[in-house]
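What follows is a single structure, written as structure tokens, with notes after it.
We count ligands from 1, going down the list as the structure has it; atoms in each ligand are counted the same way. For clarity, every value in this text was computed on a predicted model and none was experimentally measured. Residues: numbered from 1 along the sequence shown. All heavy atoms count here, side chains included; hydrogens, waters and symmetry mates do not.
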Amino acid sequence: MRIVLLGPPGAGKGTQAKVLSERLKVRHISTGDMLREAVKDQTELGIRALTYMKAGELVPDDIIIALIDDTLRDTDCSQSFVLDGFPRTERQAQALDKLLTVRKMPLDMVLYLNTSPEVSVTRLSGRRVCANCGINYHITNMQPKIDGICDSCQGSLIQRPDDKKETILNRLDVYIQQTTPLIDYYQRRGLLKECSGDLDVEALFEALKSLFEEKGLLIA
Ligand code: AMP
């Protein structure tokens, strides 16, 4: 099973990708997570990516395509995966097609989480992340038991630098300019399935489950 999750920042791609990867027992590939890890470890990739990420801009295609090419070589991803945050440009989508054609493993579905800008902004501006284990919280929708402390590992909760208001607006703009053409791209290939990203986590998962059922696939 090879799936792409498409939608603006704040659509819930990361949350849904985690659940889907657990339920379907497939690898969750998040370019955002990989880049944040590289920034934390101060690798060459992280150092190159940081300026773009801080500004809410996309990291150049060549860097990201090379990262995905490397990741797909990993045996864990050789057959099945949920891609979250990639592709984000038409060039990335074309590169993905090529990489998957060579491996004779075409995509099965592109799940488009159609989300209103208001919902995206509210989710992103209120998001807090554990600096230690990366679990997400929200200042109103998903509060920790103790303010500022992760329920799971007691790490400190922080705001991602790119979740500051000015950067959020730029990220949404970048999404509209560079990523929305992919809706058409995958529609033309008959791969696109759409549902509302404005739904809460459980309702959205149920909606995604129905899309899988339409394809004859049951999620336990
Ligand atoms: P995300 O966590 O998916 O919102 O990604 C955080 C940031 O990482 C983005 O704002 C970009 O700067 C960068 N990034 C993640 N995925 C990509 C991608 N496919 N292409 C370019 N930049 C990316």
Is it true that the NZ or CZ of R189 lies under 6.0 Å from the centre of Y185's six-membered ring and within 45 degrees of the ring axis?
->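 Verdict for Y185: a cation-pi partner in R189.
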Consider only side-chain N and O atoms of [X] and [Y], and report whether a donor and an acceptor are under 3.5 Å apart.
X    : Y    : value
Y52  : D162 : no
H28  : S30  : no
D198 : S116 : yes

Side chain to side chain contact (heavy atoms under 4.5 Å, CB included) between I68 and L72, worked out = CA-CA 6 Å; I68 286 291; L72 291 179; 3.9 Å; yes
Per-ligand residue contacts, ligand 1, heavy-atom threshold under 4.0 Å =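 Its neighbours under 4.0 Å (heavy atoms only) are T31, G32, L35, R36, M53, E57, L58, V59, I64, G85, F86, R88, Q92, R160, D162, R171, given by chain and number.
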Give the C-alpha distance, both sets of side-chain angles, the deciding distance and a yes or no for side chain to side chain contact (heavy atoms under 4.5 Å, CB included) between C150 and N132.
-> CA-CA 9 Å; C150 176; N132 183 43; over 6 Å; no
